[in-house]
Amino acid sequence: MFRSRHLPTSFPPTNHITMSSPPAAKKQKHTNNTAGNSISRGPSHSQIIQRRQKAKDALSSLPADKKASVLERYHGSSTASHRLHTLRHDDKHEDTSNLSSYQLRNLQKRRSNPNTHRGIQRFAECKETKRLENAMEAMHAEEILHDYNSGLIEVETDMERTTQLTQEKLKQDMLEENVARNIYNLELQDYSPYIMRYDRSGRYSLLCGRKGHVAVIDQHTMGLSTEFHLGEVTRDACFLHNGTMMAVAQERNVFIYDENGAEVHRLDGHKRVFGMEFLPYHWLLATIGHAGFLQYQDTSTGEIVSQHRTKMGPCHTLRQNPHNAVLHLGHTNGTVTLWSPSSSEYLVKMLCHKGSAVTSLAIDRSGTYMATGGGDNKVRIWDLRMYKETHYYKTYGGPPVCMDISQTGILGVGHGCHANFWRGEGLKVKVDDMYMKHECSGSGPLESARFRPFEDVCGIGHAGGVSSIVIPGSGEPNLDSNEHFTNPYMDNKQRRETEVRSLLEKLRPDMIALDPDVIGSIEESNLIQKQQRLRDLAESADAKKAAEKEASKSKKQKKKMRGRNKISKKLARKQKNVIDEGTEKLKEAREQERVEKEREQKNRNDGDDHDNDAPAALRRFFNA
Amino acid sequence: MARNQIDDSDDEEIDEDEAFNSEDELKYGEYFVSKKKSKSTVKKIGHDSESDDDSGSDEEESEPDDDYSKDWADDSDEEDDGGQYMLDLLNNLDKQVPGKEEKKSDKAKTENYNGKIRLNHVPAAAVQMPESEFGAGVVSVPSAADNFGSNKLTLDSLMSGISDTQGFTQVQRTMRALSSGTGGSDVGTKKLETTQAPVARVVSERASRKVHYEATTEDMTQWKDIIHTQRDAETLDFRVNKGGAKASRVTKDGLIDKFEARTEFEEELAKALEVAGMEDEKAMEMREKQRLGLDDGFEDDGCVDDDLGSNRISIEEYKKRHGELAKMRALMFYEEQKRHRINKIKSKKYRKIQKRKREREKDAEDEGARLDDPSIDREKMEKEEMDRMKERMTLAHKNTSKWARRVLRRGAKMDPDERRALSLQIAKGDELRRKVMGEDSGDEQGSHDEDDSEEVLLKKAKDILSEKCDITEESLGKRKGLFELDFMKRGMEQQRARAKEEARRLLEELEANEAAMMPTDSDDDSDRETPTKKITKPKVASEEETTKVLPEGKLVASSLEFGKSDAFGVTLANNDDVAEITQNELEDIVDTTASSSNKRKKKNKKKKGRGDNEDDSNAVPVEEEENPWLAAAKDGSTSASKSKPPAAIKAKTSSVKIDINAAASLLVDVPAKKTQEKAVDSAAQMETPKRTDVGLASLSQAELVKCAFASPDDLEAEREFQEEKERMKERDDPTRQKKEEKTVSGWGSWAGAGAPPPRKPRQLPKHLSAPLKKIEQPAKRKDDGMGTVIINEKRLKKIAQFQMSEIPYPYRSRQEYEKAIAGNLGTEWNTISGTKDLTRPSVIVRAGKVIKPISKKAKAKRAPAKF
């Protein structure tokens, strides 16, 4: 269940297949069981093979794009086939030197025995068939349910350019009214510069002025749902799991406010925070700030899950990889590091901008492409499967200070007072023409740019306030009601229920890894890993031993001295404790005698000489 | 053959021993006979010899019953002839003996001879025997050796006794029938066959096992089908009645359709309904349905009659219902209000609110009364004074009380109520304290605006120059106590002088700017014209100086920045807090923008140090002080700037411009009120990176940006990165341990320093030399050949807990296992039915139900299970 749970894959995933009616092939599956017995059901092996053949035939007859989508579903994730490849390699070059003789013998026996293989094969075949059928079915369901396509603007003649299209023109001539209303400009000079964030459903937007103005706008009603002034510097703000909670990084600490603007929590552990991200599947709020401490706090339990010292100074750039929930930090020395709560060191470090700081960062939905903007006025595109730069774009007029990649893969870059947009192919290969352009002339440099989920809208925060523009084709057209908190039309009851469900399905923070498929798999057999594993095992064994020792120490030691436990002695000891009148008298008498003796001695000494009165240093002269 | 061999061996043994030869036989034969064949008869003599032959094996052999019966039949047949029987017997004997003798060796012949001798020898006894034989033959179980004889004897003898008797024909006939019934037709052929030797036990057991196995297999094959289907089945569903669930579901429609009037009562009712016109109703309904079907839907106003009747109501009824509803609502609302009020009355909060309300009212009243009567005012003042005293005495409204401390210690877990109470208390304390300090300290929250325009600056500077004395005097007059002390006065004086001086300088610079902008070059003019020339030194460093100190353009920018910060530090000496804040913020910026450039940091520190020095040396005469805004330029050179050509001013006007900012803030901040808002403002201003300062200095935009984000250049950055990568590699190298072991200190150098180098080992021919040691290659890393990427290979224990260390049992490779667990099962990726299919349990049972044992009988097909 948990495998690659985090992943809405690159092609529009999963959505809306909930209400699908199973196709005919599916129904047939139930009826063709021949088991004559009352208690067994399901197809036999031979039937499975037949079905599988049938499914394969059906697959081969599909057009290429659909085939690809089915295969992706079949493999589980975009990286699964790649992973299988590496595993095959690993199997071939397996290092069995660290196996015990027993384990080795066992393995060899298994390998030589064809019967075990047959059993597994049957099981695997059965499963594969089911998966394949399900993938086909899901594809069909998606075909039916995803009836909207995201439309990009296209030119009719060679002389036209999509970049020529301005927002005014779009609003006047081309857009429907309900889309055109998303083009607006809020002039908020007093508390500028502003940043603008959206929640996961795209319904609420969060405006945050640097000088302490925070507001939430409901994008459906276009009304202000919350507004408050904090009276101190706010450096960043983000929504938590839904639009009802938000975290604001203020002068010293991070605060959490609810939908009414009431302060819910003050997070003391986060000092002077510059950037925040919320990981929705793990319910973690991650922050980084002046000290370069990356902290993860569980917003459901309130505990700080882990904190890492990046050792790379203050950090302003923090983004999450939506594919695997790994955090990407952009540092001032031009490197980007990848972090997870389970590792105190970075997972990957890449030098993205040599000799200049990383000013902005964005990762696409499939977790395949990363775009980084640096002080060298370049936007570099990276393939995260190989950690390799594929190409770059240049910006003219200021370094790219903000960046985002939309659900459909449109890359938005803000630099100076310009916002440039490249279409989805721009991530894969270098394209000559950008898709759209927008200029916030007169309202100062851009501060933030974020795409609104499920809408063709991009929200831009700048020194003159906030502006919202329409970028056609940037939003995912089909809603996924199965995904938590992504339904913008959710009512209160649904929201509450989703909250509970999402909490129940919360993933453990330790599960965040570079490859989400790693959960439930077998560890790699390479030498480095193996040696470390052995070391870890030894360490844990030692720790266990030490703990045991400690525990035994704290336990009351039994007296094992010989003879002490004889019954007569015991009785005698008991007798000793009995306070007897006679013995008491005797003791007193003895004591008195002793005192008298002492006094006598003293008197005698006094009578003899005065050496006792002399200072200690001189006493020896008296004695001599 | 086996039998022959055995005989041979027996014979040989006898032969060798000569233990019992013919003579012995002659002597002791009778004993043997009497012992062995005490029951032998005359008839049996012929057989006797044969049985002697077989003696060795016959002991174990169990003869089948058939043989007996055959013999019996023979006997009975022969019995009819009476005396002929004996003769036949003898003939047979004769026939048989020669046949045997042919096969046998000479020794066997001697044996036969022995037999014959016995035959001759025994007759008397044999003839005498019958009587004794009579009963024994029937009763006793015959021993193996003399089966033949005993059987025949008994029956025959029985029969012979009554053969001639007339009255016994009946008996004879039955006996004959009896014997013929048991006897076979092939008596003649089988009669004299020897019995087979039994097979070995192993063989017989194997045979029996085979038989048993076959039987069991047949038995088991009956189960085969059912077992196979079960084994193949993905799911075993043990829920009873799962197929019939649908059938057993009773619905209203189903019942109506099936209904038939059966009982008397029902029939009566049906009849009554019919009379009432149910049939008509049905017909109408049918018609209606038909019409609807034809018209394709609900075309009329949608008020179709259903079973519940019309959904149309009259207006009166509607009004009535509405009225009822409204009444109910009103009642409910009333009730709710009542409850609400009652609840409120109960609560503490309510009380509190009430109390506060009362107080407020009273206050308002007092306020009114105060205007009329001053005594009330005095009273109020007194009361407040009392309050203050109490506060002072108890310090109740501070957060130092035990309760407050306890609450504070709990920190984040604080109860909201408690938190509120605490903040309330502190607020109250603040208020009281403020009152103690004086009534009117609250309205200091004036905001200042930063005007950068030169005119305003100019004006302000002039103001300061002209009016400051008055202001200060005024303020001095006001101040008392500590400020009247001499040194304080002196300090104030100095401060004022400094401020004046700075204002003057500013003025001068502004004028210089203007001069520079003018087309006429009037270096000397400017010298002449500036009224304050004799007092002030040229504030801007000479060009040589600048180049000396600031060899690069980017440093100019940085130093300018720092100059600004220093300006704050110096001029706001009497407002340390603000200065500190700005300083901190600046450091912030420096940290963030300049990254880890040590050079810069060092510089910064130096500046700070210098700034402090300046603070200390405030008493230095005004004439000798240099421009604090261009602090960087002053660095280390105090003498060089004595005679500076005014041209320098012109050359550096652009840089001076920036300082105006600082100067302006300086001037504005002279009142130095630390307000929260201002702090926010300035902080915010500092935080935003200044990206738009075009024309800030004589630098290009790109250069400036580079300065702002100054960091090691490309090559250096890459080199640093590679070093780190190397370190990581070294750390994770599994062969590291061994390498370290190899280089133990002192190893190979035991002879000490200066010892001759060790002799090289003798070169042996190749076939004699030891095999070369395998050089261990460092393990392959994932980031090998990736350039500027480090992939951490450290094993993560927290993730390893979700992984297996070795391949689990039935699987043989990682790939196989991975394939088995691949794929997504959740509803996020599959249809709901798909998910159910994928996650269906292998066995489904209903709790508490008994699972019946498996049965061979295959039942009829059933409906698929519902999930």
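Residue numbers begin at 1 in each chain, while the letters A, B, ... track the order of the sequences.
Here B:N792 is the residue among B:N792, B:V843, B:L796 with the most heavy-atom pairs under 4.5 Å with chain A. Ranking B:K780, B:K798, B:Q801 against chain A, the residue ahead of the rest is B:K798, based on heavy-atom pairs under 4.5 Å. Of the listed residues (A:H353, A:E128, A:M350, A:M386), the one with the most heavy-atom contacts under 4.5 Å to chain B is A:M350. For the set A:T335, A:L338, A:L347, A:D510, the count of heavy-atom pairs under 4.5 angstrom toward chain B peaks at A:D510. Interface check for chain B: of the options A:V348, A:L107, A:T337, the most heavy-atom pairs under 4.5 Å are formed by A:V348. Your options are A:M312, A:K388, A:H331, A:R508, and the one with the most heavy-atom pairs under 4.5 Å with chain B is A:R508.
Seen from the ring of A:Y74, A:R131 counts as a face-on cation partner, given the 6.0 Å and 45° thresholds.
With a threshold of 4.5 angstrom between heavy atoms, B:I807 approaches chain A through its backbone and through its side chain. Heavy atoms of A:S344 lying under 4.5 Å from chain B belong exclusively to its side chain. Proximity to chain B (any heavy atom under 4.5 Å) is shown, for A:A513, by both the backbone and the side chain. Neither the backbone nor the side chain of A:L267 comes within contact range of chain B; no heavy atom of the residue lies under 4.5 Å from a heavy atom of that chain. With a 4.5 Å cut-off on non-hydrogen atoms, B:P808 touches chain A through its backbone and its side chain both.
Using a cutoff of 4.0 Å between basic side-chain nitrogens and carboxylate oxygens, A:R533 and B:E806 are scored as salt-bridged. Between A:E251 and A:R235 there is a salt bridge, with a side-chain nitrogen of the basic residue lying less than 4.0 Å from a carboxylate oxygen of the acidic one. The pair A:R110-B:E816 fails the salt-bridge criterion, with no side-chain N (NZ, NE, NH1 or NH2) lying under 4.0 Å from an Asp/Glu carboxylate O. At a threshold of 4.0 Å, the pair B:D784-B:K729 counts as salt-bridged, since one of the basic side-chain nitrogens sits closer than that to a carboxylate oxygen.
Between A:H316 and A:F274, the ring planes lie parallel to each other; the angle is under 30°, not in the 30° to 60° tilted range.
More than 12 non-hydrogen atoms from other residues, nucleotides or ligands lie less than 6.0 angstrom from NZ of B:K725. In the displayed structure, A:Y191 atom OH is contacted under 6.0 Å by at most 12 heavy atoms of other residues, nucleotides or ligands.
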